[in-house]
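Proteins come first, then strands; the chains are lettered A, B, ... in the order of their sequence lines, and each starts at number 1.
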2 protein chains.
Amino acid sequence: MATAKARAIASISHAPGETLLAKFARGLGDPTRLRILQLLLDRPRSVSEIIDHLSMPQSRVSNHLACLKWCGYVATERQGRVIIYRVIDRRMRAVIELIREIVADNAAHIASCARIGD
Amino acid sequence: MATAKARAIASISHAPGETLLAKFARGLGDPTRLRILQLLLDRPRSVSEIIDHLSMPQSRVSNHLACLKWCGYVATERQGRVIIYRVIDRRMRAVIELIREIVADNAAHIASCARIGD
DNA sequence: GCAATATATCAGGTTATCTTGATATGATCT
DNA sequence: AGATCATATCAAGATAACCTGATATATTGC
């Protein structure tokens with residue numbers, strides 16, 4: 001019952017403005033962040049592991065990880081020297097898969113959109 | 001049977017790279033485009049109608065509409081003087097709703113992310 | 001404490017994206 | 001045809017986002 005009330009209150013605080021929605025979308029709007037998310041959806045990984053997989057400068061990976069953490073999609077845990085990142089919002093997998101499906105059927109269209117670069 | 005083969009071929013062309021996924025996400029990453037999509041998910045509308053709702057310069061709305069059309073999310077149909085836009089990919093509603101849910105539970109986090117502006 | 005390892009942060013230059021105003025296209029009406 | 005209405009396109013300036021290299025922080029092992 002308290003749960004229902006809590007849900008109701010939460011539901012009011014829902015309905016975020018388009019500004020925030022857009023910000024979320026831009027969060028997914030970077031190929032590097034998507035690759036990182038994909039790796040983390042596979043399983044939790046340390047930063048070095050991600051860097052190895054992506055073959056990118058460390059600062060670049062670290063910056064994108066910070067972004068993902070800031071947005072609350074991933075969390076960190078220190079294990080000795082290394083820091084392990086993992087996805088904490090289960091729905092991230094669903095969004096990415098849904099997007100992947102849509103893109104699969106619109107690849108040519110999307111690729112041709114000149115207002116958005118590659 | 002030809003259909004099955006076609007599907008198989010299509011399925012190979014599936015699995016789009018992160019670059020295209022990211023491009024899609026950036027397509028949703030603009031508040032104006034999201035507002036337009038929301039209006040069009042409500043029902044098909046003419047350009048003028050959208051302009052009225054958004055109170056924005058005509059060229060701005062038109063540019064964003066072009067982007068949405070380019071990506072294959074909306075289609076147009078001329079009716080006399082006006083041009084009617086409507087959403088053609090049913091999944092657009094699902095993506096936006098899913099994103100809305102995630103953002104609702106992460107609003108504070110996302111808002112605080114300094115790597116992405118408002 | 002000191003060196004080494006792992007990760008984070010920051011500033012500067014570069015590129016991408018958004019916005020605006022002006023102009024172009026295209027259809028309708030008289 | 002000419003005028004008008006509806007929409008599209010383009011160029012230029014402003015802003016946002018990305019990348020890199022250098023530096024900072026934090027933990028472990030000696």
Side-chain angles (χ1 to χ4, degrees), chain A residues 18-20 22-36 39-40 44-71 74-86 110-118, chain B residues 18-20 22-36 39-40 44-71 74-86 110-118:
Chain A
E18 283 78 12
T19 297
L20 216 48
K23 193 168 176 179
F24 171 93
R26 290 201 298 283
L28 293 182
D30 179 278
T32 300
R33 281 195 293 275
L34 282 176
R35 291 177 71 189
I36 293 175
L39 288 172
L40 294 180
R45 298 176 194 259
S46 71
V47 178
S48 333
E49 206 182 337
I50 299 173
I51 293 174
D52 289 348
H53 271 276
L54 298 185
S55 307
M56 285 177 179
Q58 178 262 326
S59 70
R60 185 169 165 188
V61 172
S62 192
N63 271 320
H64 285 301
L65 283 171
C67 180
L68 293 173
K69 187 179 178 182
W70 233 328
C71 289
V74 305
T76 59
E77 171 201 1
R78 180 178 280 276
Q79 276 185 14
R81 288 191 195 225
V82 308
I83 296 199
I84 308 291
Y85 277 78
R86 73 196 154 80
I110 297 171
S112 82
C113 177
R115 265 189 70 93
I116 303 177
D118 305 302
Chain B
E18 282 79 11
T19 297
L20 215 49
K23 192 167 176 178
F24 172 92
R26 290 202 298 283
L28 293 183
D30 179 277
T32 301
R33 282 196 292 274
L34 282 176
R35 292 177 70 187
I36 292 176
L39 287 173
L40 293 180
R45 297 176 193 259
S46 72
V47 178
S48 334
E49 206 181 337
I50 299 172
I51 294 173
D52 289 347
H53 272 275
L54 298 184
S55 308
M56 285 176 180
Q58 176 263 325
S59 70
R60 185 169 166 187
V61 172
S62 193
N63 271 322
H64 286 300
L65 282 171
C67 180
L68 293 173
K69 186 179 180 183
W70 233 329
C71 289
V74 305
T76 59
E77 170 201 1
R78 181 177 280 275
Q79 275 185 15
R81 288 191 196 225
V82 307
I83 296 200
I84 307 292
Y85 277 77
R86 72 196 155 82
I110 297 172
S112 81
C113 177
R115 264 188 71 94
I116 303 176
D118 306 299

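- Looking at which nucleotide of DNA chain D each of A:R60 and A:G80 is closest to, the 5′-most match is held by A:R60.
- For D:dA6, the OP1/OP2 oxygens have no side-chain nitrogen or oxygen of B:Y85 closer than 4.0 Å.
- For the pair A:L54 and A:L39, the minimum side-chain heavy-atom distance is below 4.5 Å.
- Between the base of D:dA6 and the side chain of B:Q58 there is no donor-acceptor pair shorter than 3.5 Å.
- Between D:dA26 and A:R78, no contact under 4.0 Å exists linking OP1 or OP2 to a side-chain N or O.
- As a whole-Å value, the separation of B:I83 CD1 from C:dG26 P is 11 Å.
- Residue A:D30 is classed as a sugar-phosphate contact, given heavy-atom separations below 4.0 Å to backbone atoms only.
- With D:dT20, D:dA17, C:dT19 as the candidates, the nucleotide lying closest to the side chain of A:P57 is D:dT20.
- The side chain of B:V82 sits closest to D:dA6 out of C:dA8, C:dT20, D:dA6.
- Between B:R33 and C:dC18 there is a side-chain N or O to OP1 or OP2 distance below 4.0 Å.
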side-chain contact (heavy atoms from CB on, under 4.5 Å) between B:V47 and B:V82: does it pass, once the steps are laid out?
CA-CA 7 Å; B:V47 178; B:V82 307; over 6 Å; no
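- Contacts of A:R115 with the nucleic acid, taken as non-hydrogen atoms under 4.0 Å apart, include base atoms.
- Considering only side-chain atoms of B:S62, the nucleotide from D:dT20, D:dT28, D:dA8 that sits closest is D:dA8.
- Phosphate contact (OP1/OP2 of C:dT28, side-chain N/O of B:R81, threshold under 4.0 Å): absent.
- Proximity of B:H64 to the phosphate of C:dT19: a side-chain N or O atom is located under 4.0 Å from OP1 or OP2.
- Counting any heavy atom pair closer than 4.0 Å across all strands shown, A:G29 reaches no nucleic acid atom.
- For the side chain to side chain donor-acceptor pair (under 3.5 Å) with B:H64, the qualifying choice from B:R33, B:R35, B:K69 is B:R33, the only one to do so.
- When distances run from any side-chain atom of B:S59 to the nucleotides D:dT9, D:dC19, C:dT7, the shortest one goes to D:dT9.
- Using a 4.5 Å heavy-atom cutoff, the side chains of B:W70 and A:S112 are in contact.
- B:R35 has its CZ atom 15 Å from the P atom of C:dC18, to the nearest Å.
- A 4.5 Å side-chain heavy-atom check between A:I50 and A:L40 finds at least one atom pair inside the cut-off.
- Whole-Å rounding puts the A:D118 CG to C:dA16 C1' distance at 11 Å.
- Comparing B:A114 and B:E49 against DNA chain D, the residue whose closest nucleotide sits nearer the 5' end is B:E49.
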